[in-house]
Amino acid sequence: MALALDGGNPVRRHDFPAWPYHDDTERAALVRAVDQGQWWRVGGSEVTSFEAEFGEYHGGTTLAVTNGTHALELGLELLGLKPGDEVIVPAFTFISTSIAVQRAGGVPVPADVDPVTYCLDPQTLEAVRTPRTRVVIPVHMAGHVADMDAIGAWAARHDIIVFQDAAHAHGAVWSGRRIGDFGTLAAFSFQNGKLMTAGEGGALLLPSQEWFDEAFSRHSCGRPLGDTNYEHRSPSSNYRMTEFAGAVLRAQLARLADQNARRESRWKTLSAALREIPGVDPQGRDPRCDLNPHYMAMAALDPAAHPGTDRDLVVKALVAEGIPAFVNYPPVYRTRAHEALLGGGLPDTAELAERNPVSEHLGANGFWLHHRVLLGTDADCADVAEAVAKVLTELAGKKRSAR
């Protein structure tokens with residue numbers, strides 16, 4: 001059975017459910033925002049309404065911002081991060097987690113992730129803690145909540161602040177607690193591929209109204225809410241969300257619970273099918289993660305079962321088979337952005353690679369599928385598994401023939 005990449009018939013000739021999903025709800029929301037006659041948040045009501053609705057859903061006070069990276073940057077500003085302060089971040093995460101620290105003048109310190117959940121491993125934290133460690137940022141990778149019990153307990157013992165990167169975790173629940181129930185800052189993203197989206201956008205979940213008031217000022221060039229005298233209290237930037245984005249996000253939030261339930265159900269089907277394929281290890285689950293919204297359907301190849309297999313070629317072949325597949329993030333220390341930090345006694349890339357073997361494995365051998373594959377049917381999941389098995393089998397056959 002020839003690969004589609006080589007001219008064979010693809011497993012799928014029809015697409016998965018479209019993303020972003022939208023209907024007349026978004027159209028009506030945009031018209032509503034236009035008809036207000038005020039298109040920025042200070043004069044309109046859509047962003048304020050979205051903040052209230054999102055905060056009620058997630059268990060905290062919400063400030064909407066321009067994007068998820070800005071939510072991280074603003075959160076670090078609120079926490080008073082100083083130049084030279086160290087922030088522990090997962091070695092395996094999207095680069096914004098690390099870049100936000102750099103842009104605040106801090107030093108991101110990579111720590112390894114758990115081989116089952118792909119989230120920050122609490123057992124790695126103590127080895128990278130120094131007297132300069134100020135903050136730890138657990139990332140809820142692909143929607144799976146990090147071990148907030150162990151991370152929170154460790155941070156409390158050492159007077160270190162926890163700041164959640166929840167860019168993937170809309171609606172996630174851990175041991176009965178929503179993201180806002182942990183009493184920390186949490187950053188969300190509404191970028192085009194996220195579980196709810198306005199193309200771009202972000203939010204900062206805050207533990208109290210006092211935090212909101214300070215965050216509001218700092219996201220609006222240092223001006224407090226209601227200011228008419230240009231009272232710029234801090235040298236902050238403009239991270240205000242538009243009324244159009246707020247209106248669309250209200251529509252997206254209204255269907256989040258249903259979509260999360262569908263993704264949870266389909267992931268059971270897909271992960272079981274992927275585990276039947278030799279040498280394919282889908283992301284696992286901690287039983288304390290009550291709800292994982294599955295921003296990505298993630299898996300990794302076992303190099304012992306697939307020696308010499310080119311992961312990048314696997315992904316390319318899956319795309320040709322009609323599967324929306326992508327390579328995993330590289331470890332943050334393998335990016336040019338992080339290389340700018342090297343020197344001054346900081347560990348080099350080789351040393352960091354040795355310290356973070358799980359992140360090395362996931363970066364080199366992992367792949368992910370867009371969450372829209374989980375919004376379809378069990379038959380769609382069967383097609384995904386069929387394509388993965390086909391690609392691995394055919395590539396293995398090619399290698400044997402080449403010997």
* Side-chain ion pair, R336 and E339, N-O less than 4.0 Å -> no
* Scan residues 307-316 for pairs that pass side chain to side chain donor-acceptor pair (under 3.5 Å), counting only residues two or more places apart or in two chains. => T309-K399
* **Listed once per pair and sorted, the ring-ring contact (aromatic ring centres under 6.0 Å, His included) pairs that draw on residues 103-154, sequence neighbours left out** => W154-H158
* **All pairs passing side chain to side chain donor-acceptor pair (under 3.5 Å) where residues 74-83 contributes a residue, at least two apart** => E77-R218, E77-S236
* Structure fact -> CD of E264 to NE2 of H294, rounded to nearest 0.5 Å, is 4.0 Å
* To do: Spell out, as yes or no, whether a donor-acceptor pair under 3.5 Å connects the side chain of H306 to the backbone of P278.
  => yes
* Asked: Which pairs pass ring-ring contact (aromatic ring centres under 6.0 Å, His included) with one or both residues in residues 20-39, sequence neighbours excluded?
  -> W39-F244
* Taking ring-ring contact (aromatic ring centres under 6.0 Å, His included) as the test, write out the residues that go with F94, two or more places apart. => Y329
Under 3.5 Å, which donor-acceptor pairs link side chains of residues 58-65 to any protein atom two or more places apart or in another chain?
unit_1 : atom_1 : unit_2 : atom_2 : d
H58    : ND1    : F54    : O      : 3.1
H58    : NE2    : G171   : N      : 2.9
T62    : OG1    : G55    : N      : 3.2

* To do: Provide the full list of salt bridge (Lys or Arg N to Asp or Glu O under 4.0 Å) pairs with a residue in residues 167-189, sequence neighbours left out, each pair given once.
  => D149-R177, R178-D181
With a 3.5 Å cut-off and sequence neighbours excluded, list the donor-acceptor pairs that the side chains of residues 185-192 form with protein atoms.
unit_1 : atom_1 : unit_2 : atom_2 : d
S189   : OG     : Q191   : N      : 3.2
Q191   : OE1    : G193   : N      : 3.0
Q191   : OE1    : K194   : NZ     : 3.3

* To do: Give the minimum heavy-atom separation between A111 and I88, together with the two atoms involved.
  => CB-CG2, 3.8 Å
* Pairs flagged by salt bridge (Lys or Arg N to Asp or Glu O under 4.0 Å) wherever residues 346-360 is involved - sequence neighbours left out -> R334-E360, E351-R355
* CZ (R12) with more than 12 external heavy atoms under 6.0 Å -> yes
* Asked: Is it true that D85 and R132 have a side-chain N and a carboxylate O under 4.0 angstrom from each other?
  -> no
* **Test side-chain hydrogen bond (donor to acceptor under 3.5 Å, both in side chains) applied to E51 - qualifying residues, sequence neighbours left out** => R41
* To do: Indicate the ring-plane relationship of H371 and W19, choosing parallel, tilted or perpendicular according to the 30° and 60° boundaries.
  => perpendicular
* Asked: By side-chain hydrogen bond (donor to acceptor under 3.5 Å, both in side chains), which residues pair with R13, not counting sequence neighbours?
  -> N9
* Not counting sequence neighbours, list each pair that qualifies as a salt bridge (Lys or Arg N to Asp or Glu O under 4.0 Å) and has a residue in residues 361-373. => D15-R372
